[in-house]
Visitor: 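The following block contains the structure, expressed as structure tokens.
Numbering of residues begins at 1 and proceeds along the displayed sequence. Keep in mind that this is a model prediction, so the values were computed, not measured. Note that ligands are numbered from 1 as they come in the structure, with each ligand's atoms numbered from 1 the same way. Computed from heavy atoms alone, side chains included, the values below leave out hydrogens, waters and symmetry copies.
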Amino acid sequence: MLKTKIIKIDEKNINNPEELGKLREAAGIIKNGGLVVFPTETVYGLGADALNRNAVGKIYKAKGRPSDNPLIVHFSNAGDIYKYAEVNETAGKIINKFMPAPLTLVLKKKNGLLNYASPNLDTVAVRVPRNKTARKLIELAGTPIAAPSANLSGKPSPTSAEHIISDLNGRADMIICGESSEIGLESTVISFNPDNPDNGINILRSGFITREMLSEFNISENNLSENNNKNNPPVCPGIKYRHYSPDAPLRILSGENHRIIDFIKRENINNKNKKIGFLCFDELSEYFDKSENIAVISLGPRDNLNEQAKNLFGALNKFNNIGVDIIYSIEPSRKEIGEAVYNRLMKASGGKVCGV
Ligand code: AMP
Ligand code: MG
């Protein structure tokens with residue numbers, strides 16, 4: 001068990017001497033091979049020096065992450081990516097158009113320097129976060145930072161400091177508590193065709209940078225669920241694992257609003273000894289009152305997809321804190337960032353959608 005130093009940072013004023021001092025201390029921990037939890041615009045990350053084998057090993061241990069699930073390496077500026085990875089022409093255009101961004105590129109390694117983040121692969125996942133605290137920390141550390149989400153493996157990702165403290169207190173050297181994550185979902189991950197990298201991209205994981213935003217780059221019709229087929233090696237190693245799961249089983253309900261409401265109310269009456277969680281939109285939460293003893297959490301308005309993305313992991317973590325026995329969820333729209341919300345809920349449910 002480590003003694004974890006928990007500090008608060010004012011993300012709006014990171015260049016003030018006091019805040020800079022805190023980031024310098026955190027950067028010192030990274031340089032000395034320690035683990036630091038830090039805010040990014042996607043979710044909080046658990047970071048270590050990507051060039052230090054022992055430090056990267058600590059990330060896997062702290063999270064209980066399977067050793068064949070590679071890590072994303074974070075840079076403070078896009079120019080540094082070129083030092084460690086082969087940037088093909090399409091990747092170059094994407095970097096120029098988007099970075100810094102909640103977008104990760106899987107590129108061929110240029111030299112062995114980033115081997116520890118993806119030991120058995122000839123590719124490495126790289127990203128420049130948009131969040132200024134994250135970029136400043138990387139700059140001060142003077143080294144690329146390997147960082148997965150700062151949660152125990154398989155659990156919902158952390159979007160606020162309190163989620164992390166319950167998962168990682170005692171497992172990291174420092175936790176930097178900043179603001180709630182602006183986006184709330186992990187980065188979009190894209191890869192390139194190894195034989196012809198300029199011939200289109202694959203979306204390995206959906207996120208804030210949507211299919212629509214990437215449409216000019218010739219997206220291959222690569223279906224994630226196909227890659228998940230046990231007979232094929234997964235294209236994105238992480239997708240073979242159960243992910244984002246709250247403690248209770250989660251089922252997605254598909255049907256009209258009134259049918260969903262009837263279903264939940266009936267389940268509640270028929271299962272008096274079970275605490276039911278209901279993940280819904282604002283328009284549905286109005287139909288339930290406290291006396292029913294159902295834990296109702298809204299993701300926001302049905303048509304506000306960004307708000308749904310931002311609230312999703314917070315809601316799943318809240319169900320864990322309440323201690324529900326089962327979670328029923330509405331089926332979100334698959335438009336734009338809705339695709340990413342849908343993808344996380346499908347993973348959390350193990351693909352279980354029930355028609356009502
Ligand atoms: P996380 O760090 O938990 O947000 O997950 C990072 C995601 O990127 C996982 O799904 C990984 O499998 C994926 N990833 C990381 N490195 C690579 C790589 N070299 N090739 C393909 N996917 C990768
Ligand atoms: Mg993760």
Visitor: What's the count of protein N, O or S atoms under 2.8 Å from the Mg ion (ligand 2)?
Guide: 1
Visitor: For ligand 1, which is the ligand I care about here, please tell me if Arg205 has any N or O atom under 3.5 Å from one of the ligand's N or O atoms.
Guide: yes
Visitor: Of the options Asn69, Leu152, Leu71, Asn151, which is the one that meets Lys63 in a side chain to side chain contact (heavy atoms under 4.5 Å, CB included)?
Guide: Asn151
Visitor: For the residue pair Ile183 and Arg130, what are the closest heavy atoms and their distance?
Guide: CD1-NH2, 3.9 Å
Visitor: May I ask you to say whether Lys22 pairs ionically with Glu25, meaning some side-chain N is under 4.0 Å from a carboxylate O?
Guide: no
Visitor: Output yes when the distance from some N or O of ligand 1 to some N or O of Arg65 is under 3.5 Å, and no in every other case.
Guide: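 Yes; the residue has a nitrogen or oxygen that sits under 3.5 Å from a nitrogen or oxygen of the ligand.
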Visitor: Should the pair Tyr84 and Phe75 be assigned to parallel (<30°), tilted (30 to 60°) or perpendicular (>60°) ring geometry?
Guide: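 Plane angle between 30° and 60°, so tilted.
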Visitor: Testing the basics here: between Gly47 and Ile145, what is the closest heavy-atom pair and its distance to 0.1 Å?
Guide: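 Residues Gly47 and Ile145, closest heavy atoms: CA-CG2, 3.6 Å.
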Visitor: By number and element, which atoms of ligand 1 are closer than 4.0 Å to a non-hydrogen atom of Ile72?
Guide: 6 (C)
Visitor: Show every ring-ring contact (aromatic ring centres under 6.0 Å, His included) that has at least one partner inside residues 296-316, sequence neighbours left out.
Guide: Tyr244-Phe313
Visitor: For a side chain to side chain donor-acceptor pair (under 3.5 Å) check, start with the C-alpha distance between Asn268 and Glu292, then their side-chain angles and the critical distance, and finish with the verdict.
Guide: CA-CA 8 Å; Asn268 192 42; Glu292 286 172 301; 5.6 Å; no
Visitor: Between Ser118 and ligand 1, does any nitrogen or oxygen pair lie at a separation below 3.5 Å?
Guide: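 No; every N/O pair is 3.5 Å or more apart.
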Visitor: Closest by any non-hydrogen atom to atom 2 (O) of ligand 1: pick that one out of Ser153, Pro148, Gly45.
Guide: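 Result: the heavy atom closest to atom 2 (O) of ligand 1 is in Pro148.
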Visitor: Using a 6.0 Å distance limit plus a 45 degree cone around the ring axis, check whether Arg302 lies over the aromatic ring of Phe281.
Guide: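 Ring-cation test returns no.
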Visitor: Go through ligand 1 atom by atom and flag the ones less than 4.0 Å from a non-hydrogen atom of Asn69.
Guide: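 Those atoms are 9 (C), 11 (C), 12 (O).
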Visitor: Short list, please: which atoms of ligand 1 are under 4.0 Å from a heavy atom of Thr123?
Guide: 18 (C), 19 (N), 20 (N)
Visitor: I'd like to check which ligand 1 atoms, numbered from 1 as shown, lie under 4.0 Å from a non-hydrogen atom of Leu121.
Guide: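 Listed by number with element: 18 (C), 19 (N).
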Visitor: Given Phe208, which of Thr42, Ile337, Leu185 fulfils the side chain to side chain contact (heavy atoms under 4.5 Å, CB included) condition?
Guide: Ile337
Visitor: Taking the cut-offs as 6.0 angstrom to the six-membered ring centre and 45 degrees off its axis, would you call Lys275 and Phe319 a cation-pi pair?
Guide: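 No, Lys275 does not lie over the aromatic ring of Phe319.
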Visitor: Provide the number and element of each atom of ligand 1 under 4.0 Å from a heavy atom of Ser149.
Guide: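 Every atom of ligand 1 under 4.0 Å from some heavy atom of Ser149: 3 (O).
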